[in-house]
Amino acid sequence: MKGRAARYAAVAGAGLLVLAAPFLAPAFVTQFTFLWLMIVFALTWDLMGGQLGYNSFGNILFFGIGAYACAVFQRDSGLGYYEALAIGAALGGVLAAAAAAFLGLGILGLRGHYFAIGTLGLGIAAGEIAGGWDYVGAGSGMTVPLFPGALAARSLFFYFTLAALALATFLTLRWLYGTRFGLALNAVRDDEDKAEAMGLYTARLKTAAWSLSAFFLGISGALAGNLIGFIDPRDVAFAGATYGVWMVLMAILGGKGTLWGPVIGAAVFHITQEIFWTYLLGWQRVALGLLIVAIVVFFPQGILGTLREKFPGRFGSKAEVQ
Amino acid sequence: MIDNFLLLFDYPVLSADLALNGLLIGAVFVLAAFGMALVWGVLNIINIVQGEFVMLGGFVALMAAEAGLPVLLGIPIAALALFILGWGLYRLVIFRVIDRDLFVSVLATFGLSIVLQQLSNELFGADVRTLEAGLGTLLLFDGAVALAQIKVLAFFLALGLGLLLWLFLKYSRLGQAIRATAQNPRAASILGIDTDRVYAATYALNAALCGAAGALVVMAWAIHPYIGLPYTVRSFLIVIVAGIGNIGAVVAAGLGLGAFENVAGFIFGTEYQIALVFLLMVLVLVWRNLRLQRKRMYLK
Amino acid sequence: ESIRLGSAISLTGKYSTNGDFTQKGYDLAAKAINERGGVEVAGKKYTLEIVYYDDESTPARGAQLAERLIAQDGVQYILGPYSSGLTKAMAPVTEKYGVPMVEANGASVSLFTEGYRYLFAVLSTTEQYLQPVVDLAAKVADDPSRVRVAGAFENDPFSQDVQNGVLADIKRHSMKMVIEDKLPPELNDMSATLAKVRALRPDVLLVSGHARGAALAVRQLSDMRIELPMVGLTHCDSAQIIEKFGEKAEGFLCAAQWAPALKYSDPLFGSAADFARLYEETYGAPPPYQAAESAAAVMVFADAFERAGTLDPKAVRDALAETDMMTFYGPIRFDESGKNVAKPMVLYQVQDGEYKVVYPPEPAEAELRYPMHAR
Amino acid sequence: MSLLLDVKGVTKRFGGVVANDAVSLSVREGEIAGLIGPNGSGKTTLFSSIVGAHPIDAGAVLYEGRDISALRIAEIARRGLTRTYQQTRIYGQMPVIDNMRISAPDVKEGILPLFRRAGRASEARARDLLSFVGLYEKRDLLAGSLSFGQQKLLEFAMALMSEPKLLLLDEPTAGINPTLINGLIDRLKRANKELGVTLFVIEHNMRVIMNLADRITCLAHGQVLASGTPDEVREDPRVLDAYLGAQ
Amino acid sequence: MSADIISGYGEGGTETVLSVDAVAREAEALGSGITSEEALSLCAGEPLLELKGLKAGYGKMEILHGLDLAVGKGQSLCLVGPNGAGKSTVLHSIFGFTRIMGGSIHMAGRDVTALSPAEKLAKAGIAYILQDNSVFPDMSVEENLLMGGYLKSRPAEARAAAEEIFGKYERLAKRRRERAGVLSGGERRLLEISRALVMDPQVLLVDEPSIGLEPRFIDMVFEILEDLQKNEGKTIIMVEQNAKKGLGFADLGYVLVSGRAALAGKGGELLENPEVGRLFLGG
Ligand SMILES: Nc1ncnc2c1ncn2[C@@H]1O[C@H](COP(=O)(O)OP(=O)(O)OP(=O)(O)O)[C@@H](O)[C@H]1O
Ligand SMILES: Nc1ncnc2c1ncn2[C@@H]1O[C@H](COP(=O)(O)OP(=O)(O)OP(=O)(O)O)[C@@H](O)[C@H]1O
Ligand SMILES: [Mg+2]
Ligand SMILES: [Mg+2]
């Protein structure tokens, strides 16, 4: 009982911190907002890569679809800012999920290297197509409507909407991993043929997982498009070389296949990266590259995985190694 | 798009020109793809730095020429320099990611590619650079088709190196060790083959092939520090189409890809060229997989 | 005491060459001003200090960095980034915070139709880049309506605007556009477009694709043995086509914001030629116009600080709007939308291994060679 | 006893190799049937053909009187026909107990049941089955860290968990310590008797198959060589000649 | 080979039912472990290969906890024991695939503990035949054999050795041009064994020669091994789950439980020991 009370206290404390953060450190609100975005990235990637074992290099596709769908809706609907954004974000999520379901028909049949590279191909192709398509501004990109309220209100607005999205994603996944659906995902990861031979509907399972991942990413794309204010086809919406890779890195850094790993990974990565940008002018990408190499070479299990190996009792791995 | 298509009918020579130039571009892809296939087959690694090796090969050739050496000598020099670099990278990083999960190697080499890009940016600047090999241009069909001779050289060099590689793998001692390691590394090691050295040599050989390709790229086209990714992706595409064990198929797929790109880019517009290449790749993958799935198998 | 200006520029990534020129221009001007004792605001002398971040040539980063400069580092004046795309990403941020941005490298027209009040550009807008070429073509042709124009424009905000300008001009002269290609940003090969050019033999070829597009066009036109009467490019000097291609660069027309041969001058740097000399002494290479316009941007800020007589951003903004000055780079006066309407574009032609201004007639140093390969 | 499985003239080729050549055999409800034959005689291939791991070139597989030869592997599994593998296959990165949970029969109903909590009965059954194969103590270990023999037992328990009507076992005792083999045989017999699972077992180990099976079929070169009771088969001169070797 | 060895896997009852833990417990009780003196006294004359207090494992995990073992020239030794006892690990350690954490390995009096696998083969004359598939599937049978002589300085020597082997095993000679991937299980095993002979090693490490083989092939493999030991004087260390067959064949038997040698003795004696029979041979 005491443990439970402590837990509630911790949750309440964390909640308060989230609420108070933008007021405690107003200069960093945008940074925090991006952190929420990174957490959504890492969580949704891990649903596929860590839990289902389908390492997608193209999840950025859904982010881009969300960003464009929302921006187009905002441009053409004639609704007020908030209405258009709300409906546009929902639309972005739904379209992204639908795209995942459709593409999944072909792509989710691929495995291992082939799935990874197939999705990479989709992500890059999407960027190039958006860059050539005049309806969405082609190479010139799209500018979203200006936020109607005051400046400070805008920062807070995006901080809280993205925080809410990250929280919703986290809670959804937490619930999901507690059901047998989560076990089924793991089963596919460990041995898909076996899972199929045991009677699991693997195709539907994979599609459901990918669509869910895409749904949250789509919404995050819609919000991020508005947060950034300018949607460039290759460098914002379908930014495979940055966001697309960071998703993977953050999940791996934190520990893939765990619930908290991606969250921890996102936080550590985001902060490290911001520090690099501030102090290593012009060399930050070299540092980032070296960091990536170091992470995957020395911490392939990620932070949580390494902790679990070292202190199996503490970090919630039920399976002790003999 | 339609106009472009019709243009091909109005000027039939144009299609020859496009296809031939495409084939010549493909030759460079083929060189990089040889290496990709080797590294994939033997080390079981997808090497994302492939394109950066090409880029660095180009800069080495450029530096050699600036140092006053004959331009064409840049090709072997680039190959040699990259061989050394490849060996070094293997000893530093790659050997740690062999036998690990796919993602470890992909991300590690991706990290390396960022580092190499940025270092080249610092060292050589982001400018577009080219090198004049002084070979002139081959004019066909009354000058309606022009082929730079350096590209023709690249073409034959790619074919020649392919043949050499085949002979090397089949008959040389190291080549045999490479093949054995590729097929069954544990068995190779119980026969006394030092698999670690085989891996290092394979990786370095791959870098050397890419280096030669890069030297040709700077002479026939242009290079800059961020040119790598398209070469990585294309060599990957070629290898998945051709399979990792078949040098002849790599040549065919590479040349075919070059021609496809050039013609498709012409018809649909250059802005869609990259999208088309990637969509083609996805389609090939899915199509091959669906065919296998009818046999209830998967691409492995 | 010092006034801090902030800038996010491309030190890495695809724009890093030009990002570098931009930085050099800013630094040179700041240094020159500081050596003169700095800026005097309400009787007090301030030196100029510039805070840089690297935006990696990506808009998302640029927007974030602008925000960081303002919100975290407390910078109240922004010097623009390189390229229209990045300026486009940063303008909403500076606008939001009410921080004035003077920029020298974002020329896209679309920047000036958004109603931004805090954005000022010292350079001529994009649509004017290749218009002079079209005008020249019309001038040399017997019948302008029979001139056939081919264009290849990179698929980014800058070049797409260049294209729009050209299209408007072509319409005005009732010429015919026979090729209208978009070049991908990862451009490494133009042979598909050039094959079409070879087949259709247009009278004028226009290429806009930053430095890379210029270099590839020169190189591949020569490789493919295509000779046309007139070829217009952007970014030839930052692509260093003369240094790199020598003979092969002969005759190409190059759009430029500025040239050392121009007759403008100011008290800080002296004449355009003086600026060029100082730049070359400092950095060991002649200045491309990107450096010159960037230096001018700093001068505009300095001028505005002095006239405003306060460091309040709002007041500085209003002073900026009133700018009317002459610099080595040319006259600078902003219209309602913030673009410089006082300075014309110039057109060089590569003649005997040198850039010669051939248009407009006023500062022209040499006659146009037409067709381009004529001697 | 009625026929549960009826294989009629099944042929399967791999390129030029004819792995199964018009194989016909049957398994009756409630029995333990055995399958023996030299290396490469097509035993594993026949199992794969039955459960739908690959398409067959000719013939038909009847299960509970219905032709299942066109169904996909998962469909067949959902009808209660399950196999184990020659190379053990379990979910290595999941705890043993989760391996059991995800093998419960109701996961075969689709996605939705996965969101419901597992029934209490199902949890209890998972525990019982683990005790049954002697792995209850290890329930929280990662399945991949079990030893080879324990993994075989786990795979067997998972198969039972999914409540199959007919279970195909591919060399369940290969590589297992002889003493442990005895335990396995004991459990196979109990599963057959107490849980009513029909078994069809491939084995090279004569000690196992002779003590286990009610009827045995012997394959050679992809064809049925002989079938009958264990004693009949072991005395059959063709089997002795092609498989067992002169004693 | 004694006449009462039963073909293939053998036959018998299946009454003894013991759990793994029970086996381990009872095995502990059975013997107090083997000391190095006992190990030495078992082997005839000077030991050719000797393990002294060997501790080895993978990564941080220690699997073998101080193992003593000795085998003389021309002798054969069989390791039996429950799954996961560390039998394969013993062979791995001898060849140099594990992390040695303590103790030493001596070959003909020389300390070879630190040699790499390649050196073990070239310098110490130890060859290894793996538990699972180890042919090169896309090479021909002949190329596979030639790869066996990879360490020879001149290719001609390897060729000569290969010819000699083809002369001996006509079954292989018939298929020398075929891809090794199409061989049947038994032929592969034959190829793997003969490939290990090209370098003419003194010691052969064989892991589960009979796994997955049909009864007749098992007999064939053991005949080959017997021929090698009796006629060519090779020393053989093998691991075998088919313990009756293995112990019947070998001169020495070691029973391994949880990384320790619980019992050791002459192969025939162990076979007769009723406790060993009950615990390890399935009654
Ligand atoms: N996927 C495949 N591709 C090609 N040939 C195959 C394939 N699978 C099996 N074969 C061939 O089919 C034949 C039968 O193989 P199968 O695995 O069914 O034998 P088995 O009776 O199970 O043998 P074992 O007792 O050794 O397990 C063999 O000759 C084998 O080489
Ligand atoms: N590569 C490895 N890494 C980590 N642990 C290993 C490795 N190989 C074996 N082990 C562990 O070492 C122990 C002994 O394994 P080993 O393979 O030696 O057993 P064995 O006696 O040969 O068993 P079997 O009869 O099943 O082959 C086992 O607990 C196993 O899990
Ligand atoms: Mg089999
Ligand atoms: Mg073993």
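Proteins get letters first, then strands, A, B, ... in listed order; numbering begins at 1 in each.
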| request: May I ask you to name which of C/I226, C/T193, C/L200 has the most heavy-atom pairs under 4.5 Å with chain B? | output: C/L200
| Counting only heavy atoms not in C/R146, do more than 12 sit closer than 6.0 Å to its CZ atom? | no
| field | Segment of C/K196 engaging chain B (4.5 angstrom heavy-atom cut-off) | value | both
| task | Below 4.5 Å from any heavy atom of chain C, which atoms of B/Q273 appear? Answer side chain, backbone, both or neither. | result | neither
| task | Indicate yes or no for a side-chain donor-acceptor contact from C/R219 to the backbone of B/L131 under 3.5 Å, with no hydrogens or angles considered. | result | yes
| Which bit of C/I179 comes within less than 4.5 Å of chain B, counting heavy atoms only: side chain, backbone, both or neither? | neither
| task | Might you point out which heavy atoms bring C/T12 and B/N121 nearest each other, and give the distance in Å? | result | CA-ND2, 3.4 Å
| field | Summary of disulfide (SG to SG under 2.5 Å) pairs that have at least one residue in residues 204-236 of chain C, sequence neighbours excluded | value | C/C236-C/C254
| task | Please round to the nearest 0.5 Å and tell me the distance separating atom CD of C/Q220 and atom OG1 of B/T130. | result | 10.0 Å
| Taking side chain as C-beta onward, heavy atoms only, is B/W221 less than 4.5 Å from C/D223? | no
| message | Minimum heavy-atom separation for B/T270 and C/K182, please, with both atom names. | response | CB-O, 3.5 Å
Review item, side-chain donor-acceptor pairs of residues 21-31 of chain B, under 3.5 Å, at least two apart:
{"from": "B/N21", "atom 1": "ND2", "to": "B/D17", "atom 2": "O", "distance (Å)": "3.3"}
{"from": "B/N21", "atom 1": "ND2", "to": "B/D17", "atom 2": "OD1", "distance (Å)": "3.1"}

| Per-residue contact mode, B/N262 against chain C (heavy atom under 4.5 angstrom) | both
| request: Heavy-atom distances under 4.5 Å only: say whether C/R212 touches chain B with side chain, backbone, both or neither. | output: both
| Which atoms of C/Y15 approach chain B - backbone, side chain, both or neither, heavy atom under 4.5 Å | neither
| field | Under 4.5 Å from any heavy atom of chain B - which part of C/A239 | value | neither
| remark: Given C/S222, C/G13, C/S10, the one with more heavy-atom pairs under 4.5 angstrom with chain B than any other is C/G13
| said: Taking side chain as everything from C-beta outward and backbone as N, CA, C, O, which of these in C/Q240 sits under 4.5 Å from a heavy atom of chain B? Side chain, backbone, both or neither. | reply: side chain
| Pairwise distance OG(C/S16) to OH(B/Y226) - rounded to 0.5 angstrom | 4.5 Å
